[in-house]
Amino acid sequence: MRIITWNINSVRLRIPALAKVCAILDPDVVCLQETKVPDDMFPSGEITELGFNHIIHSGMKSYNGVAILSKDPVKLAKTRKWCGKTDCRHIAANLSNGIELHNFYVPAGGDIPDRTLNKKFDHKLQFLSEMQDWFFSMPKADRILVGDLNIAPLEHDVWSHKQLLKVVSHTPIEVDALFALQNSNDWIDTVRYFIPPEKPVFTWWSYRNRRWPGNNRGRRLDHIWATKTLAPRLKNAGVFTQARGWEKPSDHVPVLLDIVS
DNA sequence: ATGGTGGAAGGTCCA
């Protein structure tokens with residue numbers, strides 16, 4: 001089974017790119033973030049035409065929004081209210097092979113990496129803390145957690161560790177929060193399970209760098225984690241970098257995991 | 001130090 005996660009930055013604008021991604025990667029399950037569409041306007045028809053007969057989504061006007069597209073049946077799994085808001089940053093499904101799949105869009109956190117000065121940064125840290133507590137309180141199960149976590153934890157998850165230490169997405173306080181979440185529920189960072197930590201891996205390049213790849217100033221913000229119980233079934237993980245160079249690209253590219261279903 | 005671009009909107013807000 002192949003699972004991909006992609007911050008698509010408007011699902012309605014990106015249908016042609018989604019079709020191309022699916023034609024090349026042939027995923028069984030697609031997790032999207034930043035769909036930017038209310039539920040009653042979700043383009044289900046066009047996505048069913050791509051072979052996904054089972055679609056669940058949680059969206060709102062203009063911002064955020066998550067979706068899971070699947071070729072096999074899925075059942076909506078439990079979510080919760082995060083940080084007292086209803087801002088469409090999480091959706092979960094039970095897959096037909098018994099895996100519980102969680103798709104997250106973690107708050108970006110604004111520009112100032114200080115939770116007393118910046119409400120958005122506080123929201124991000126609070127969200128991560130709630131994720132940690134929530135998963136810690138659950139009984140053990142075979143789980144996969146994907147999404148735009150908006151944190152690049154390792155030195156070679158950013159183009160310059162030194163220059164990004166004070167930039168939101170790579171500050172020690174966020175990285176510590178992400179590692180705490182990772183360790184509390186025995187998650188494996190599947191991309192780094194297959195790609196050694198000294199090799200740079202990026203999934204996002206700002207639109208403000210005029211040409212891609214240019215100087216390759218990227219960050220690895222998008223992740224696929226699996227519980228350690230799934231380790232024997234992990235086959236391959238990677239990043240579909242080329243999508244950043246297409247016409248009308250998202251600023252993020254798909255990340256994929258192959259797992260024995 | 002600043003601003004650079006893109007998306008949803010049809011104001012600006014958000015990334």
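Throughout, a chain's letter reflects where its sequence line sits, starting with A, and its residues are numbered from 1.
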Whole angstrom value for the distance that separates [atom2] of [N] from [atom1] of [X]:
X	N	atom1	atom2	value
A:M60	B:dC14	CE	P	10 Å
A:K119	B:dC13	NZ	P	14 Å
A:W212	B:dG6	CH2	P	16 Å
A:R208	B:dG6	CZ	C1'	9 Å
A:Y63	B:dG10	OH	C1'	12 Å
A:W204	B:dG6	CH2	P	13 Å
A:N150	B:dC14	CG	P	14 Å
A:M41	B:dG7	CE	P	17 Å

Problem set entry | side-chain N/O A:K120 vs B:dA15 OP1/OP2, d < 4.0 Å | yes

Exercise. Would you say B:dG7 has OP1 or OP2 under 4.0 Å from some side-chain N or O of A:R14?
Worked result: yes

Roughly how far apart, to the nearest Å, are [N] and [M] at atom [atom1]?
N	M	atom1	result
B:dG4	B:dC14	C1'	16 Å
B:dG10	B:dG6	C1'	16 Å
B:dA15	B:dA9	P	16 Å

Exercise. Regarding A:Y193 and A:N236, is there a side-chain donor-to-acceptor distance under 3.5 Å anywhere?
Worked result: no

Exercise. Atom CG in A:L145, atom CE in A:M131: separation rounded to 0.5 Å?
Worked result: 4.5 Å

From the set [options], return the single nucleotide nearest to any side-chain atom of [X].
X	options	answer
A:K61	B:dG10, B:dA15, B:dC13	B:dG10
A:R12	B:dG7, B:dG4, B:dA9	B:dA9
A:R210	B:dT5, B:dG7, B:dA15	B:dT5

Exercise. Can we call the ring centroids of A:W82 and A:Y105 under 6.0 Å apart?
Worked result: no

Problem set entry | Ring-ring centroid check A:F240 A:W246, cutoff 6.0 Å | yes

For this session: Could you pick out which residue, A:Y207 or A:G109, lies toward the 5' side of DNA chain B when each is mapped onto its nearest nucleotide?
Result: A:Y207

Problem set entry | First of A:P38 and A:N7 reached from the 5' end of DNA chain B, by closest nucleotide | A:P38

For this session: Classify the angle between the aromatic ring planes of A:F127 and A:H123 as parallel (below 30°), tilted (30 to 60°) or perpendicular (above 60°).
Result: perpendicular

